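Since the structure comes first, as structure tokens, the remarks are kept for the end.
All values derive from a computational prediction rather than experimental measurement.
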Amino acid sequence: TKRKGQDPLGKPMVVRAHTGYSKFKGVAGYTHQVALAVPMIDTTREGFPNPGEVDALTRIESDICEVFEVNRESLFVGTRTIPGICEFILYTRNPDAVQWKFDNDLLARVYTHRVHLKIQPDKAWSNYEKLL
């Protein structure tokens, strides 16, 4: 699903969530949330992506899925877009491998944008709940 809302500070936010997981309070074993924040380059005055930027972000999302979802090591659950930044959100059962794949695989593929990685424990999937 895709919906518009506001972040905790009241800024506009667009959320696209994979609702297939919404009946679970997390998937067993996937205890860490992975957030890949991508500052956008080509935005509207409001800070949301122009068409060319949408294409670039779609390619980045494909790369993220190809790198991290292999053997269901991580599950892609959604995106959160606030002015200037698109964040791709996954849950993983192997946080150490995520760091390695980020450094060695993803950064070799994504050269048009900077990507910032944050991994944090979230066994209850509380951050996913906020997307719904």
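Taking CD1 of Ile85 as the reference point, atom CE of Met40 lies at 7.5 Å (rounded to 0.5 Å). Taken from CZ in Arg45 to CG in Asn50, the straight-line distance is 11.0 Å, to the nearest 0.5 Å. With values rounded to the nearest 0.5 angstrom, Ile89 atom CD1 is found 8.0 Å from Phe76 atom CZ. The CD atom of Gln99 sits 9.5 Å away from the CG atom of Asn104 when rounded to the nearest 0.5 Å. Note: Glu69 CD to Glu66 CD = 10.0 Å, rounded to the nearest 0.5 Å.
Side-chain contact between Lys11 and Ile82 is absent, with no heavy atoms from C-beta onward closer than 4.5 Å. With contacts defined as side-chain heavy-atom distances shorter than 4.5 Å, the pair Leu117/Asp103 does not qualify. In this structure the side chain of Leu106 reaches within 4.5 angstrom of the side chain of Leu36, judged on heavy atoms.
The two atoms that bring Thr92 and Ser74 nearest to each other are OG1-OG, 2.9 Å, heavy atoms only. Among all heavy-atom pairs drawn from Pro49 and Thr44, the shortest one is O-CG2, 4.4 Å. Closest approach of Pro12 to Pro83, counting heavy atoms only: O-CD, 3.1 Å. Closest approach of Ala97 to Glu73, counting heavy atoms only: CB-OE1, 3.5 Å. Ala56 and His113 make their closest contact through CB-CE1, 3.7 Å (heavy atoms, listed as atom of the first residue, atom of the second, distance). Of all the heavy atoms in Asn127 and Gln33, the pair that sits closest is ND2-OE1, 3.2 Å.
Within the structure, no pair that satisfies the salt bridge (charged side-chain N to carboxylate O under 4.0 Å, His left out) test touches residues 28-41, not counting sequence neighbours. For residues 48-58, no pair satisfies salt bridge (charged side-chain N to carboxylate O under 4.0 Å, His left out), with sequence neighbours left out.
Taking hydrophobic clusters as Ile, Leu, Val, Met, Phe, Trp and Tyr residues chained together by side-chain heavy-atom distances below 4.5 Å, Phe88 does not share a cluster with Val14. Residues Val77 and Val27 are members of one and the same hydrophobic cluster, defined by side-chain heavy-atom contacts under 4.5 angstrom among Ile, Leu, Val, Met, Phe, Trp and Tyr. Connection of Leu57 to Leu107 is established within a shared hydrophobic cluster, with ILVMFWY side chains joined at heavy-atom distances below 4.5 Å, either directly or through further cluster members. Linking Ile, Leu, Val, Met, Phe, Trp and Tyr whenever their side-chain heavy atoms come within less than 4.5 Å puts Val98 and Ile60 in one cluster. Using a 4.5 Å cut-off between side-chain heavy atoms of Ile, Leu, Val, Met, Phe, Trp and Tyr, with links allowed through other members, Leu75 and Val67 fall into different hydrophobic clusters.
For His116, the side-chain contact (heavy atoms from CB on, under 4.5 Å) test picks out Ala37, Pro39, Arg114, with sequence neighbours left out. Listed by chain and number, the residues in a salt bridge (Lys or Arg N to Asp or Glu O under 4.0 Å) with Asp63 are Arg109 (sequence neighbours excluded). Qualifying salt bridge (Lys or Arg N to Asp or Glu O under 4.0 Å) partners for Arg16, counting only residues two or more places apart in sequence or in other chains: Glu61. In this view, Asp105 satisfies the side-chain hydrogen bond (donor to acceptor under 3.5 Å, both in side chains) rule with no residue, not counting sequence neighbours.
No side-chain donor-acceptor contact under 3.5 Å links Asp122 to the backbone of His32. Between the side chain of Tyr128 and the backbone N or O of His18 there is at least one donor-acceptor pair closer than 3.5 Å.
Within a 6.0 Å radius of CZ in Arg3, more than 12 heavy atoms belonging to other residues, nucleotides or ligands are found.
Ring geometry for Tyr91 against Trp125 counts as parallel: the plane angle stays under 30°, on a 0 to 90° scale with 60° as the upper cut.
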